[in-house]
Amino acid sequence: MYAHKEIEKKWQERWEEARVFEVSEDEQKKLKKRYVLDMFPYPSSNGLHVGHPEGYTATDIYCRYLRMSGHHVLHPMGWDAFGLPAENYAIKEGTHPAETTRKNIQTFKRQIKSLGFSYDWSKELNTSSPDYYRWTQWLFLQLYKQGLAYKKKAPVNWCESCQTVLANEQVVNGACERCKNPVVQKELEQWFFKVTQYAEELLSCLDTLDWPEPIKLAQKNWIGRSEGALIEFKLQATSYKLQAFTTRPDTLFGATYMVLAPEHALVAQLKEQIKNWKEVDAYRASARKKTELERAHLEKEKSGVPLEGVTAINPANNQEIPVWIADYVLASYGTGAIMAVPAHDERDFAFAKKFSLPIRMVVCPHYPAPTCPVLDEAYEGGGHMVESGEFNGLPNEEAKWAITKKVKGERVTQYRIRDWLISRQRYWGAPIPIIYCDTCGTVPVPSADLPVLLPTDVDFKPTGESPLRRSKSFHKISCPTCGKPARRESDTMDTFVCSSWYYLRYPNATEIAEPFTKESLAYWLPVDMYVGGAEHAVLHLLYARFITKALRDLGYLSFDEPFARLRNQGMILGEDGEKMSKSRGNVINPDDVIASHGADTLRLYEMFMGPFEATKPWSTGSIIGIRRFLDKAWKLYERLEVRGERLEVKKPILEKLLHKTIKKVTHDIETFNFNTAISALMILLNELGKTAQKHEGLSQKTRDAFLLLLAPFAPHLAEELWERDGHSTLIARASWPTWDETLVKDEIVRVIVQVNGKPRDAFDAPADTDDKALQKEALAREKVQKWIGGRQPKKIVVVRGRLVNIVV
RNA sequence: GCCGCGGUGGCGGAACUGGCAGACGCACAGGACUCAAAAUCCUGCGAGAGCAAUCUCAUGAGGGUUCAAUUCCCUCCCGCGGCACCA
């Protein structure tokens, strides 16, 4: 048993003193760069959980390996420090969020350091510090100048419990992502970032990224591109026209009614014509009150009200059709109005059935058919046109654009993604740097006046109004343009704005009077490897991509995508196979594992549990296996030192295994297959142990190679053994071992002999034995002859270096 | 409902490009050491049959392709994750 406590402390101090993990201008000149980044944590009051070290260990192994193989590595860590929990804690306990955050960061930093990660702490950043959020505000102003940040009154998601608006991405199942309370719609004036302007590029650039496919798919679906047509419907006896977006213009002849979203502006304008206005207005009011959850989740039950006295003209056949309002049509997508084709759309079908509206089939799967069948569900597939005038008989895909053309429709592309709502009516965030003046209107805070400091004299209690409004020192100000009394914007920015650009800040010297410098970005960006949880698929990862593209178009960046490679760590479940949570009481604290088994053991264990990206359960009992492995290594080197057995008896098998292991571990680190890399190290160590037990000795080269391979995984133990074995330099700065490909290849291979596909025998043969000789040997074998039983082989398959299959 | 990921011993998991299924580790059993225990070391360890050599079955279920399938194709079942009326 080695003394992990002392050894780990010793080497953590040595690394810090020697500043081995800090980037240097010297290396910048001669080495190839690698920027390896972890998604920075929100420093919660619970401290680190075992999920954090999983990703951090992976990047650390990767970075240590990269440094040893001659790269200049930037590996920074920081704090995503603004956010609701600290503020909620302030409301409950009265402790200022700045204080809570400071404490939590201290804990996180201590815990992260205790794991021996090779971060460059000189680059540490904190999004809640004025040095940082000053530039978040700068970012806002840049977007504002470009018209990419704008204020708009719109129906937005409102969380009653958090008393703030939420971005679309933060509404989960109609409920607030944080507090799980239902989200309601509110009409409010809010700040947005124009993500939609980049919808097409955000979609098309996905192909260029080395990211997990599921994440790319999630983004693709979230962006939700669909091609279709805008078709204009005249309203009977009025001068109003109604535009509808459809992806199925081919079904226009089957449009038997129209539906407007309850919030559609035209509804109010038609008040005079609507005979049942009272009923219509009541419906509108009730739709507004419904939560997202109610609106979406009661999906089976469609509801709606006809606009009596209002009819539209179907431009395809000039038929007069009714117009309804219903909340299954969303105001925020397309034009907020649809042409309803119940025969070919599931939702329209359900609605038509409920309100006994006509269903007319116009796309027939079996053509020519004498009559169209009566449908018991909508038919959404393809086929040929029927009941569609001159288009009858055309394949529906062709009819799409022919019909669009006939009715003078416009071919358009729609996206599901919405602009990013970034205002928050909360305290603990970066203030939006805007001033409202009665004379000058909306005035951006001049860059020189940044940062707009978050005031401290604030009552945190959320009332639906921004807490900052209650700070007199903050709210009232004179207009920077005309000097007259004016007021500050009192909302803060979504914390996702802070995290949307932090990777651009790290590479710079910390005390610069700019958000980042061109030189530092040119050298370090884009991030070569980014690691974090998959839960950010359509949040942070999408926002960061958007910000990168926006800054590029503003002339600040010269690359299109921030993160070239992305890997997601899988979730670690509790021992009961359930998600770790306080209420279940299945949370594992890394501190405890470090105390009992050591940081190296924890690191190795988390990597050995299973594939990096897989969800896997924690198993306290299995940790001992890793600790035994490290103890074995310790004992081996101790024994060799005591006995002075440091000369190796030439052992070709061991040498071969060593080279195979070097190759495997190298390859596995590069592909993030850490579990199999560790298993290879175990196999090697077991062999080294056997050799040592026979007093055969181990050469310097062999002893070094094992430690070098171990170093990225268990850096403390590797340093200690490296030193004890006579080295005076750090293993963290040593060179990664190389392998000899000729030694990796086996000269003698085991050849399997199958009879009718079943393995019956095996023999050893030189790897380059030709097919004929293999076949001859296989057939000559007694066992094989027995299985053939005198029959004539019908076919013999020979795979060189692997097997012979005899079919009889 | 749609999309994605997965299902291999008692457990976590290996398996290159289709080529001996179960590497490595945990647990378990037997042995060595010990007065004894712990630790450590050695051996065994998918199921069934057999004294044994060995044989049969086995990668969620069923079918298919192939000389050969955990791996490729089809149908279905189960678990997990995401999206959720996007016209």
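These numbers come from the heavy atoms of this one structure, side chains and all, not from hydrogens, waters or symmetry mates. Convention: sequence-line order gives letters A, B, ...; per-chain numbering from 1.
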Could you tell me how far apart [X] ([atom1]) and [N] ([atom2]) are, to the nearest whole angstrom?
X        : N     : atom1 : atom2 : value
A:Arg225 : B:C3  : CZ    : C1'   : 19 Å
A:Arg627 : B:C24 : CZ    : C1'   : 19 Å
A:Glu638 : B:A39 : CD    : C1'   : 15 Å
A:Lys616 : B:G6  : NZ    : P     : 13 Å
A:Leu803 : B:A15 : CG    : P     : 20 Å
A:Ile572 : B:C80 : CD1   : C1'   : 16 Å
A:Leu217 : B:C3  : CG    : P     : 11 Å

Using a cut-off of 4.0 Å on non-hydrogen atoms, how would the nucleic acid contact of [X] be classed: base, sugar-phosphate, or nothing?
X        : answer
A:Asn686 : sugar-phosphate
A:Arg628 : sugar-phosphate
A:Val799 : base
A:Gly224 : nothing
A:Ser226 : sugar-phosphate
A:Asn221 : sugar-phosphate

Regarding [N], can its base be found pairing with the side chain of [X] as donor and acceptor, where the two atoms are less than 3.5 Å apart?
X        : N     : value
A:Glu213 : B:G4  : no
A:Arg416 : B:C83 : no
A:Lys302 : B:C85 : yes

Separation of the [atom1] atoms in [N] and [M], to the nearest angstrom:
N     : M     : atom1 : result
B:G6  : B:U70 : C1'   : 13 Å
B:A21 : B:G46 : P     : 14 Å
B:G60 : B:A52 : C1'   : 36 Å
B:G4  : B:A23 : C1'   : 30 Å

Examine [N]: is either OP1 or OP2 under 4.0 Å from a nitrogen or oxygen in the side chain of [X]? Give yes or no.
X        : N     : answer
A:Lys758 : B:C57 : yes
A:Arg248 : B:A87 : no
A:Trp787 : B:C55 : yes
A:Thr615 : B:C5  : no
A:Asn675 : B:G12 : no
A:Lys795 : B:C67 : yes

* Asked: Distance under 6.0 Å and angle within 45° of the ring axis: does A:Arg627 meet both against A:Tyr2?
  -> yes
* Asked: Side chains of A:Tyr328 and A:Ile338: closer than 4.5 Å at any heavy-atom pair?
  -> yes
* Pairing string, 5' to 3', for RNA chain B - Watson-Crick or wobble contacts under 3.5 Å, brackets [ ] where pairs cross, | to another strand -> (((((((..(((......[....))).(((((.......))))).((((....))))..(((((..]....))))))))))))....
* Asked: When the ring planes of A:Phe674 and A:Phe672 are compared, do they come out parallel, tilted or perpendicular, using 30° and 60° as the limits?
  -> tilted
* **Donor-acceptor contact present, side-chain A:Asn756 to main-chain A:Val808, <3.5 Å** => yes
* Structure fact -> Per the glycosidic torsion and the 90° limit around 0, nucleotide B:G9 is syn
* **Given B:C24, B:A87, B:A15, the nucleotide with the shortest approach to the side chain of A:Phe608** => B:C24
